[in-house]
Each structure stands twice: as C-alpha cells, then as structure tokens.
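In this chain, residues are counted from 1 in sequence order.
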Amino acid sequence: MVVGGPILGAPGARVPELDRYRDSFVPSAGNPSPYVIVSLEVMVAEDEDRARELLLPEAWALAQSSRTGEFPPLESVADIRGRAWTPRLREQVEASIASSVHGTAEQVRVALEALAARTGADELPASTSTFDRAALFESDQQLSLLDV
C-alpha cells in the first residue's frame with residue numbers, strides 16, 4: 001500500500017489510510033493478513049545538518065525530474081548551491097528532505113522506532129543515495145548497526 005503525503009507525521013498519531021487498509025483487508029490464499037511496507041529515505045551522519053546536506057543531491061534531482069520528466073545524475077552539494085533556485089524548486093527540495101529520516105544514528109533509531117510504532121509497519125526498507133559515495137557507505141554502515 002502506498003500512502004500519499006508525509007507519513008512521518010506527529011508522534012503517536014495514527015495513519016488513517018493504513019487503518020482503512022487493515023479494516024477493509026480481505027484475506028486470500030496468498031495474502032492471509034494485511035502487510036504494510038513503509039519505504040523511505042534514511043541518512044545517518046555525524047549531525048543533523050550533515051545528514052540534510054547529504055540528502056540534498058537526491059532531493060535536487062527529484063525536483064528536477066518533476067520538471068523535466070528525466071532523473072538527472074546526482075550533483076555535488078557545492079554545484080547545487082551554486083545554481084539558481086526558484087521558490088517552487090526550494091519547496092520541492094525541502095519537502096523531499098522533510099519526508100526523510102535523517103540525523104545522528106541515535107536520532108535515526110528513535111525516529112524509525114516511532115515510525116514503526118505509528119504505522120505498525122511489517123517492514124521499513126531504507127533507500128537513499130547521495131553524490132558523496134563514501135558518506136553514503138558510512139551512512140549505510142551506521143544504519144545496519146541500528147537495532148530497530
């Protein structure tokens with residue numbers, strides 16, 4: 001099931017779309033019970049500002065793709081900051097970053113635990129990319145060590 005809009009929401013708040021899905025679920029031989037997967041971008045870094053910065057290249061590319069219809073190669077943060085930003089582009093980039101889980105390992109662990117509790121998700125797969133491949137590798141390593 002895909003839930004539109006930011007699913008991160010207020011701590012403890014229910015997700016009505018997920019409640020409706022579970023309430024209206026009709027079991028079948030292949031699917032005996034409802035199953036919820038919440039996929040999102042996750043970035044772990046030494047602090048929240050660095051994590052936000054690492055999310056910028058993909059958020060920028062997503063915003064560009066909504067305008068052009070093609071997903072461009074990721075660019076460095078320095079290159080992106082040197083470009084002209086329209087108000088709409090800034091809004092799209094900020095919305096993309098806001099819909100991710102990012103911060104220190106502890107901040108990310110707490111946020112993922114809260115998201116799992118809020119949604120009752122059976123799985124929380126993380127998918128993230130950034131221009132800085134070494135930082136991405138480090139983020140993925142930190143994420144793999146979290147006990148969520």
| query | Distance only, no hydrogens: is a donor on one side chain within 3.5 Å (strictly under) of an acceptor on the other, for S66 and Q92? | reply | yes
Inter-residue atom distance [X].[atom1] - [Y].[atom2], 0.5 Å rounding:
X	Y	atom1	atom2	result
L56	I80	CG	CD1	4.5 Å
T130	W60	OG1	CH2	14.5 Å
L62	S96	CG	OG	5.0 Å

| field | Worked verdict on L136 versus F131 for side chain to side chain contact (heavy atoms under 4.5 Å, CB included) | value | CA-CA 8 Å; L136 179 60; F131 183 80; over 6 Å; no
Do [X] and [Y] come close enough that some side-chain heavy atom pair is under 4.5 Å?
X	Y	value
L112	V108	yes
L40	L115	yes
R109	Q142	no
P57	E75	no
Q141	L145	no
Q107	T104	yes

Checking the side chain of [X] only, and the main-chain atoms of [Y] only, is there a donor and an acceptor separated by less than 3.5 Å?
X	Y	result
S65	F71	no
S139	A135	no
S100	H102	no
E113	V110	no
S127	E41	no
D122	I37	no

| message | Let's go through R81 and V77 carefully: what are the C-alpha distance in whole Å and the side-chain angles of both, what is the deciding distance for side chain to side chain contact (heavy atoms under 4.5 Å, CB included) to 0.1 Å, and is it a yes or a no? | response | CA-CA 6 Å; R81 292 191 195 246; V77 171; 3.1 Å; yes
| said: If the test is side chain to side chain contact (heavy atoms under 4.5 Å, CB included), which one of V101, T128, I97, L143 qualifies with M43? | reply: T128
Please find the pair of heavy atoms, one from [X] and one from [Y], that lie closest to each other, and give the distance.
X	Y	value
L74	S129	CD1-OG, 3.4 Å
P32	P27	O-CB, 3.4 Å
A121	R22	N-NH2, 4.1 Å

| Listed once per pair and sorted, the salt bridge (Lys or Arg N to Asp or Glu O under 4.0 Å) pairs that draw on residues 131-148, sequence neighbours left out | R50-D132
| message | I'd like to know if R90 pairs up with E94 as an ion pair, taking the criterion as any Lys NZ or Arg NE/NH1/NH2 lying under 4.0 Å from an Asp or Glu carboxylate oxygen. | response | no
| query | Does E91 have any side chain to side chain donor-acceptor pair (under 3.5 Å) partners at least two apart in sequence or in another chain, and if so, which? | reply | R88
| field | E123 atom CD, neighbour heavy-atom count above 12 within 6.0 Å | value | yes
